[in-house]
Amino acid sequence: MAFKNRRKLALPEEVLLRIEKPARYTGNEINMVKKDPSSVDVRFCMCFPDVYEIGMSHLGIQILYDMFNRWDDTYCERVYSPWQDLDRIMREQKIPLFALESQQPVKQFDFLGITLQYEMCYTNILQILDLSGIPLYAKDRTEEDPIVICGGPCTYNPEPVADFFDLVYIGEGETSYRQLLDAYIRWKKRGEPRRKFLEEAACISGIYVPSLYEIHYHDDGTIQEMAPLCKSAPAKIKKQVVGALTEACYPDKPLVPYIRATQDRVVLEIQRGCIRGCRFCQAGMIYRPIRPRDVEALKQQAQKMLDNTGYEEITLSSLSSSDYEQLEELVYYLIGECRERKVNISLPSLRIDAFSLDVMGKVQDIRKSSLTFAPEAGSQRMRDVINKGLTEEVILDGAWEAFQGGWKRVKLYFMLGLPGEREDDIEEIAVLSNKIAAKYFELPKEERSGRPEIVASSSFFVPKPFTPFQWAPMDTAESFDKKRRFLRGKIKEQANQRSIRYHCHDALTSELEGILARGDRKLAPVIEYAYRHGCMFDAWTDCFNPDVWEEALRIGGVSKQFYNYRERGKDEIFPWDFIDIGVSKRFLYHEYEKAGRETTTPNCREACSGCGAMQFGTGVCMQHSGEGKACEGKAGPES
């Protein structure tokens, strides 16, 4: 079979015939932007450091791709991590990594932008750089190399990979990129050294330049200070926040791949941020304050995207969709639209205490799918510790309403290893799962459709930066495995005749994720060692090589006790403390203390807790402006 394409492909036909899913690398997808590279001032290659199917599902890249390509002076193209088969061939045949749109080498671009979504993709960063012919370390690059920049949630502690990047973008990408690219165009015309551009970029809000800072340590390995090396490098980098979200750029014509992606559907982002304040959740803190999109604009956006893609499913994107105040209006509108188009509606991130039986029934009429509930913990005590804000009564009432509405497939998400967890808390996960399954059998026999399908999944708790649990110790892999075996046994005991299956995350992967999540610059050589010895696609179970990582940690002198197992001091300087996310460190520590007392905090709509996000002056914070100013920064026992 010959591959027919008007463009000259970077990969010879014989290579495409030897690899799995060649459509990962040919580009030319529906809605792909085509420009003449020679007609623009800036060529920006956007990278997701994982396989194509996962990267194509990432909403952030779709938004930035659309925004950049609306600018006449900029051409944004894409690249993803080549899978193992092509990676091997590219090294053997010395084929440079290339962008999908132009099929030209990444090294020819002005910028290489890498999104950091997950710590276990860090070795893939080095794969991208290596295959592109770009020096791994920023200090080794010259004016002939692209400016390598990263963004995404992992940049809220970029230090483990800071040495690999020229720039780090902190916050939401719609705000400062235009200013950054304008500065680059001026610098390129002046023909100045690379360092001059980095110093100018450091003056732009939200841009962190790692090479302009020096880290000093105490004798015990903790950070003494992070010292700027020049006047242009600020002591604090403030995250970038989009205030008027409805007016922000959003793609009318999202890219549609020729092969099935992980999220193979239209994605409608209804809001950003979350009001809930779960103490384990990094996203709930770093994306504060909550900012909804206008419902009328969402209706129009949904129509445009469905018209321009041909997708058969639309999903609502939000950290907590139930907290979107106009959810019912939006869903009822979509139900009407989707019934005519025969399009399915997916409603993720819904809290079962806010589920509407009527909405569930109407959505199900279009096409059945499973429901996902996230109690996170089995016992009420642990749900109070993590500030989940759910009671068992509310959980079971929600399950009952779901089953009455005709749903029978339910996924339950829990965590093991939460701070203060006891054995009886773990057992309560099995008890609660069984109670939920039992609710199905309370239906009259004539209303049941076979047996329920209950899947209880548990991940292992990993303390993340900018959460109240950033001070908390993490369980060892051995402890995680012990808890997993205990829970599996209890679920078997409780399930009896119930239809409950149990899945669990890998303990060794979680342990490494913990080290990378709260690590510092000492980890860069560890990551490099792992990469040089074959580690890539570490997020994939079949690819993860714990033995190599153990060797890398040993050679790098990295102590798991120091990075994972110890409780951190109240006043310890963290590697990420140079970032200002709006939420104060004092507030986070107060929440950590409340977790120890098993005390909850009301959500942002019920009362302002003075977290500090008021400074952004947008979203739900504006509803509590007087109250927020009174308690902002207070975060003491009396607040």
Side-chain angles (χ1 to χ4, degrees), residues 116 119 122 125 135-141 148-150 154-170 194-196 198-239 286 463-467 470-474 514-529 552-581 583-586 588-589 592:
L116 305 184
E119 292 86 354
Y122 283 175
I125 297 169
L136 301 188
Y137 287 90
K139 63 182 175 58
D140 298 325
R141 295 178 196 136
V148 183
I149 183 172
C150 63
C154 289
T155 60
Y156 286 91
N157 178 24
E159 292 306 278
V161 292
D163 288 342
F164 307 131
F165 289 96
D166 299 298
L167 307 177
V168 179
Y169 189 111
I170 309 292
R194 190 181 185 94
R195 168 86 177 202
K196 281 290 186 182
L198 298 181
E199 290 179 356
E200 186 172 347
C203 299
I204 298 172
S205 185
I207 302 298
Y208 167 52
V209 185
S211 63
L212 302 184
Y213 297 82
E214 187 174 48
I215 316 299
H216 301 286
Y217 293 91
H218 293 293
D219 290 340
D220 64 357
T222 59
I223 293 175
Q224 180 181 353
E225 67 169 339
M226 184 179 197
L229 297 175
C230 62
K231 291 182 179 179
S232 62
K236 283 274 189 179
I237 310 295
K238 191 169 186 176
K239 78 169 183 183
I286 63 176
K464 291 295 177 84
F466 294 112
T467 68
Q470 64 183 346
W471 286 272
M474 182 176 170
I515 293 172
L516 297 175
R518 292 190 293 176
D520 53 21
R521 292 196 189 183
K522 296 174 185 176
L523 291 175
V526 174
I527 296 169
E528 183 192 6
Y529 181 95
L553 294 171
R554 185 188 64 79
I555 291 175
V558 171
S559 165
K560 293 181 183 179
Q561 172 62 36
F562 179 82
Y563 284 98
N564 270 4
Y565 306 151
R566 67 185 177 92
E567 182 177 31
R568 305 198 175 194
K570 176 182 178 181
D571 299 319
E572 179 175 335
I573 296 175
F574 297 140
W576 53 90
D577 275 350
F578 69 93
I579 301 173
D580 177 10
I581 68 161
V583 178
S584 70
K585 192 173 182 180
R586 185 179 180 183
L588 293 174
Y589 193 78
Y592 184 46

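Heavy-atom basis, side chains included; hydrogens, waters and symmetry copies ignored. The first residue in the sequence is number 1, and the count goes up from there.
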Partners passing ring pair (Phe, Tyr, Trp, His ring centres under 6.0 Å) against Y169 (at least two apart in sequence or in another chain): Y177
Partners meeting side-chain hydrogen bond (donor to acceptor under 3.5 Å, both in side chains) with Y592 (sequence neighbours left out): E567
Closest approach of P234 to A202 (non-hydrogen atoms, all atoms of both residues): CD-O, 3.5 Å
With K238 via side-chain hydrogen bond (donor to acceptor under 3.5 Å, both in side chains) - residues at least two apart: Q615
Flag side-chain contact, heavy atom, 4.5 Å: F466 against V583: no
Audit row: R518, Y563, side chain to side chain contact (heavy atoms under 4.5 Å, CB included) steps and yes/no: CA-CA 7 Å; R518 292 190 293 176; Y563 284 98; 5.9 Å; no
T467: side chain to side chain contact (heavy atoms under 4.5 Å, CB included) partners, not counting sequence neighbours: Q282, K464, F469, Q470
Nearest-0.5 Å distance, CD1 of residue I573 to CD of residue Q224: 8.0 Å
Side chain proximity check, P210 to V168, heavy atoms < 4.5 angstrom: yes
Positive for side chain to side chain contact (heavy atoms under 4.5 Å, CB included) with I125, one of I527, V148, L116: L116
Side chain proximity check, C150 to V161, heavy atoms < 4.5 angstrom: no
Pairs where residues 199-224 contributes a residue and the test salt bridge (Lys or Arg N to Asp or Glu O under 4.0 Å) is met, not counting sequence neighbours: R186-E200, R190-E200, R195-E199
Set of side chain to side chain contact (heavy atoms under 4.5 Å, CB included) partners for E528, sequence neighbours left out: L126, L136, Y137, R532
Interatomic distance, I207 atom CD1 to L198 atom CG [nearest 0.5 angstrom]: 11.0 Å
Within residues 225-234 or reaching into it, pairs that qualify as side chain to side chain donor-acceptor pair (under 3.5 Å) - sequence neighbours excluded: none
Set of side-chain hydrogen bond (donor to acceptor under 3.5 Å, both in side chains) partners for Y565, sequence neighbours left out: E511
Those residues that, when tested against E572, pass side chain to side chain contact (heavy atoms under 4.5 Å, CB included) (two or more places apart): T222, R566, R568, F574
Minimal non-hydrogen separation, A517 against E119, with atom names: CB-OE2, 3.6 Å
Non-neighbouring partners of K522 that pass salt bridge (charged side-chain N to carboxylate O under 4.0 Å, His left out), sequence neighbours left out: none
CA sep, side-chain torsions, deciding dist, call: Y213, L229, side chain to side chain contact (heavy atoms under 4.5 Å, CB included): CA-CA 5 Å; Y213 297 82; L229 297 175; 5.6 Å; no
Pairs satisfying side chain to side chain donor-acceptor pair (under 3.5 Å), at least one member in residues 154-167, at least two apart: R141-D166, E159-Y208, E159-R521, D166-R194
